[in-house]
Amino acid sequence: GYGGGRGGGKTIGAGWRVSFVNAAYGLCCSYPAELVVPAVFDDRSLRAVALFRSKGRIPALTWLHPVSGAAICRSSQPLVGLEERRSLEDEGLLAAITSANPTGCSLLIVDC
């Protein structure tokens, strides 16, 4: 259905929603206008995450298993730098991605 998620958009499964935060491609010019993100994560926080990620490429859903609900998300590297900076919003988005997994499994991060 529509609504349900913070920031509007269509809900996908139990834990995901479509965000229009990139509708004008201002967040990330190489991402689509509509992004699927955890339903509990608001668009204001997504903008903060984009500032912490290379080229604004936030973690966003790219594939969702139709039965188990297991998700594959993609993103760019965080901009940690030599000072080992952190972003509470970025860490919150990763926690929300983990929580959106109905199996309760841990988040696995693969750097290719």
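Closest non-hydrogen pair, Val80 versus Glu84, comes out as CG1-CA, 3.3 Å. The shortest heavy-atom contact between Ala71 and Leu61 is CB-CD1, 3.4 Å. Taking all atoms of both residues into account, the shortest heavy-atom contact from Tyr25 to Pro32 is CE2-C, 3.8 Å. The minimum heavy-atom distance between Trp16 and Cys73, with the atom names listed, is CH2-SG, 3.8 Å. In this structure, Gly15 and Ala100 approach most closely via the heavy-atom pair O-CB, 3.8 Å.
The neighbour count for Leu88 CG, taken as heavy atoms of other residues, nucleotides or ligands under 6.0 Å away, does not exceed 12.
The side-chain heavy atoms of Pro59 and Leu94, taken from C-beta on, include a pair separated by under 4.5 Å. Side chains of Cys28 and Ile58 form no contact here, defined as non-hydrogen atoms less than 4.5 Å apart. Between Phe52 and Glu89 the shortest side-chain heavy-atom distance does not fall below 4.5 Å.
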Evaluation steps, side chain to side chain contact (heavy atoms under 4.5 Å, CB included), between Leu35 and Leu46
CA-CA 10 Å; Leu35 303 173; Leu46 291 174; 6.0 Å; no
Show your working on side chain to side chain contact (heavy atoms under 4.5 Å, CB included) between Glu34 and Ser19 and close with a plain yes or no.
CA-CA 6 Å; Glu34 299 175 5; Ser19 169; over 6 Å; no
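Between the side chain of Asn22 and the backbone N or O of Leu27 there is at least one donor-acceptor pair closer than 3.5 Å. With Ser99 contributing its side chain and Ala95 its backbone, the two residues share a donor-acceptor pair below 3.5 Å. Not a single donor-acceptor pair under 3.5 Å links the side chain of Tyr31 to the backbone N or O of Gly56. Side-chain N or O atoms of Ser54 include none that pairs as donor or acceptor with a backbone N or O of Ser76 at under 3.5 Å.
Linking ILVMFWY residues whenever their side-chain heavy atoms come closer than 4.5 Å, directly or via other members, leaves Trp63 and Leu108 in distinct clusters. A continuous path of Ile, Leu, Val, Met, Phe, Trp and Tyr side chains, each step under 4.5 Å between heavy atoms, connects Val37 with Phe20, placing both in one hydrophobic cluster. Hydrophobic clustering, with ILVMFWY side chains joined whenever heavy atoms are under 4.5 angstrom apart, groups Leu107 together with Leu64.
Side-chain contact of Arg53 with Ser75: a donor-acceptor pair under 3.5 Å is present, judged by distance alone.
In this structure, the separation between OG on Ser68 and CG on Asn101 is 7.5 Å, given to the nearest 0.5 Å. Taken to the nearest 0.5 Å, the CD1 atom of Ile97 stands 12.5 Å off from the CD1 atom of Ile72.
A salt bridge links Asp43 with Arg17: at least one charged nitrogen is closer than 4.0 Å to a carboxylate oxygen.
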